Amino acid sequence: MIDKKLLATLVCPSDRTPLTLAGEQLLARLNRAIAARVVTNQAGRIVEQPLDAGLVRQDKALLYPIIDDIPVLLVDEAIALAQVR
């Protein structure tokens with residue numbers, strides 16, 4: 001997955017707070033909501049592909065997807081976690 005040294009340097013591009021790997025339970029809830037087609041990213045597009053991993057902002061408000069082992073740190077691609085709580 002992501003190298004621990006790299007993970008320690010990654011921050012949210014929006015507010016510069018640290019990011020941590022999403023836990024399995026969060027990913028499972030998120031993927032159920034994605035399958036139901038009720039999850040949108042910050043750009044307003046429906047998220048269609050289930051996620052294997054993601055990075056969660058320190059305040060747990062946003063998740064940045066990791067696709068093919070590459071963190072997608074674009075604000076428009078972030079997913080508001082309030083959608084799956």
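As the structure is a prediction and not an experimental result, all values here were calculated from the model.
Leu81 contributes atom CG, which lies 8.0 Å from atom CZ of Arg29 (distance to the nearest 0.5 angstrom). Note that the SG atom of Cys12 and the CG atom of Asp59 stand 8.0 Å from one another [nearest 0.5 Å]. With values rounded to the nearest 0.5 angstrom, Arg45 atom CZ is found 10.0 Å from Thr40 atom OG1. Of the inter-residue distances, the one linking Leu63 atom CG with Leu30 atom CG reads 6.0 Å to the nearest 0.5 angstrom. Of the inter-residue distances, the one linking Glu24 atom CD with Asn31 atom CG reads 11.5 Å to the nearest 0.5 angstrom. Interatomic distance, CG of Leu7 versus OG1 of Thr20, reported as 7.5 Å (0.5 Å rounding).
Counting all heavy atoms, side chain and backbone alike, Val39 lies closest to Ala33 at CG2-CB, 3.4 Å. When all heavy atoms of Ala53 and Leu27 are compared, the closest pair comes out as CA-CD1, 3.9 Å. Minimum heavy-atom separation, Asn41 to Asp76: CG-O, 3.2 Å. Nearest heavy atoms, Leu19 versus Tyr64: CD2-CD1, 4.0 Å. Among all heavy-atom pairs drawn from Pro50 and Ile34, the shortest one is N-CG2, 4.2 Å.
At least one side-chain heavy atom of Leu10 sits less than 4.5 Å from a side-chain heavy atom of Pro71. Taking the side chain as every heavy atom from C-beta outward, Gln42 and Ser14 never approach each other to under 4.5 Å. Put simply, the side chain of Ile66 reaches to within 4.5 Å of the side chain of Ile2, judged on heavy atoms. Annotation: side chain of Leu55 is not in contact with side chain of Leu62 (no heavy-atom distance under 4.5 Å).
Residues meeting the side chain to side chain contact (heavy atoms under 4.5 Å, CB included) test with Arg16, sequence neighbours left out: Val11.
A salt bridge does not link Lys5 to Asp3: none of the charged nitrogens lies less than 4.0 Å from a carboxylate oxygen.
Judged purely by atom type and a 3.5 angstrom limit, Gln83 uses its side chain to pair as donor or acceptor with the backbone of Ala80.
Within 6.0 Å of the CG atom in Asp15, the count of heavy atoms belonging to other residues, nucleotides or ligands exceeds 12.
Under the 4.5 Å side-chain heavy-atom criterion for ILVMFWY residues, no single connected hydrophobic cluster contains both Ile79 and Val72.
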